[in-house]
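Order of listing sets the numbers, starting from 1, for every ligand and every atom in it.
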Amino acid sequence: METQIRRLDYDRIDEQIIEEAGSIIRKGGLVAFPTETVYGLGGDALNPESSKKIYAAKGRPSDNPLIVHIAEKKDLYRIAREVSEKAEKLMEAFWPGPLTMIFYKKELVPEATTGGLDTVAVRMPSDRIAAAFIRAAGGFVAAPSANVSGRPSTTTAAHVEEDLSGRIEMILDGGQAVIGLESTIVDMTVDPPVILRPGYVTKEKMEEQIGPLEVDKAIIAPDSGVKPKAPGMKYRHYAPRADLTIVEGPTEAVIEEISRRVEEDQKAGKKAGILATDETAGRYPEWLVLSLGQRKHEEEIAMHLFDALRQFDETDVDCIYSESFEEASIGPAIMNRLLKAAGHKVIYV
Ligand code: AMP
Ligand code: MG
């Protein structure tokens, strides 16, 4: 199959292209599209055959459910049962936006889309291309991140092309995804609701709206053996080809430790890369260093993370050392992705 790539401009969204993309979905095909979080690999959420195609194109295990994307709040009630008052408050505060909520599903949603579960994950993206495309596609688009399973999520159309060219009908190119990390996921079938995946919408921001939330124990203590409630969280994710290790501690000690290790690796005939920040990048002179941006701008770090992990794949490094980013607000979301990419290998200095 030849994958068509269509560039779209946010100032003048070409309706003909949107209609073309929507019609592919309505006929059971697949289209990757931009959202504010990462690129999504879309298919008709109400058509089990489309969902099966999504799993096949990504190489995704079929027990890992898909998020259903909608473009109108009222459409939630067509696919979800028992929408609580708290869910409505979160919806008012954060939709459209990077928040996914889990509800009991209605019959209309096939189990092929929900990985056999009786619950459905729903999100209403704020990206305007995404919203227009979802409407044109019939209103319910199932979309996981548009990457081959296990690889870093895609934040540009070029990333999507790398992973999925030849496997899907079309890619809508809307440029760089502005958030760069997947949505926050909250399970609304329980009270208090439970955060299953941290994201741009933080626990604190949601608690301002609805009071206390819990965090899935599998996120807090990944080695505890607790089975995560979001099935996807148990799989290895985001992994670059080279072996990634996080070094955590006071900045000076981290620079020293990473430098020492890179030199040691060099002596052993191994080539190392470093994931750093604007403030520290110049401190690792001769080596391959990628900066994620300014440490004090977490948004910048988040936006560049997946791209940087993919860039290392184009080099011949055998191992990568990353600085650590656990700080305010979206720090936990950044660290959640980085820890998974590293298979939880952390050196504390
Ligand atoms: P992705 O589409 O790559 O962003 O991954 C979607 C994430 O949402 C995965 O971690 C899924 O396991 C999770 N998810 C989707 N639907 C449900 C659901 N009904 N219950 C719990 N987790 C879900
Ligand atoms: Mg994913």
Trainee: Regarding Ser145, does it place an N, O or S atom less than 2.8 Å from the Mg ion (ligand 2)?
Mentor: yes

Trainee: Backbone, side chain, both or neither: what part of Thr114 comes under 4.0 angstrom of ligand 1, heavy atoms only?
Mentor: neither

Trainee: Check whether any side-chain heavy atom of Thr154 lies under 4.5 Å from a side-chain heavy atom of Glu162, and answer yes or no.
Mentor: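 No, every pair of side-chain atoms sits at 4.5 Å or beyond.
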
Trainee: Which atoms of ligand 1 sit under 4.0 Å from any heavy atom of Thr119?
Mentor: 18 (C), 19 (N), 20 (N)

Trainee: Need the ligand 1 atom indices (1-based, order shown) with element for anything under 4.0 Å from a heavy-atom of Ile67.
Mentor: 6 (C)

Trainee: For ligand 1, note which part of Lys105 has a heavy atom under 4.0 Å away: side chain, backbone, both or neither.
Mentor: neither

Trainee: Which atoms from ligand 1 have a heavy atom of Leu117 less than 4.0 Å away?
Mentor: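 This gives 18 (C), 19 (N), 20 (N) as the contact atoms.
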
Trainee: Going by the atom numbers of ligand 1, which of them fall below 4.0 Å from some non-hydrogen atom of Asn64?
Mentor: 9 (C), 11 (C), 12 (O)

Trainee: With a heavy-atom distance limit of 4.0 Å, tell me whether Asp187 approaches ligand 1 through its side chain, its backbone, both, or neither.
Mentor: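 The answer is neither; Asp187 stays 4.0 Å or more away.
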
Trainee: Answer yes if the side chains of Thr245 and Arg261 hold a donor-acceptor pair under 3.5 Å, and no otherwise.
Mentor: no

Trainee: Are Lys205 and Tyr200 in a cation-pi setup, meaning NZ or CZ lies under 6.0 angstrom from the ring centre and within 45 degrees of the ring axis?
Mentor: yes

Trainee: When rounded to the nearest 0.5 angstrom, what is the spacing between CG in Leu213 and CD1 in Ile195?
Mentor: 5.0 Å

Trainee: With atom 21 (C) of ligand 1 as the reference point, say which of Ile102, Leu41, Val38, Thr37 has the nearest heavy atom.
Mentor: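 The residue whose heavy atom sits nearest atom 21 (C) of ligand 1 is Ile102.
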
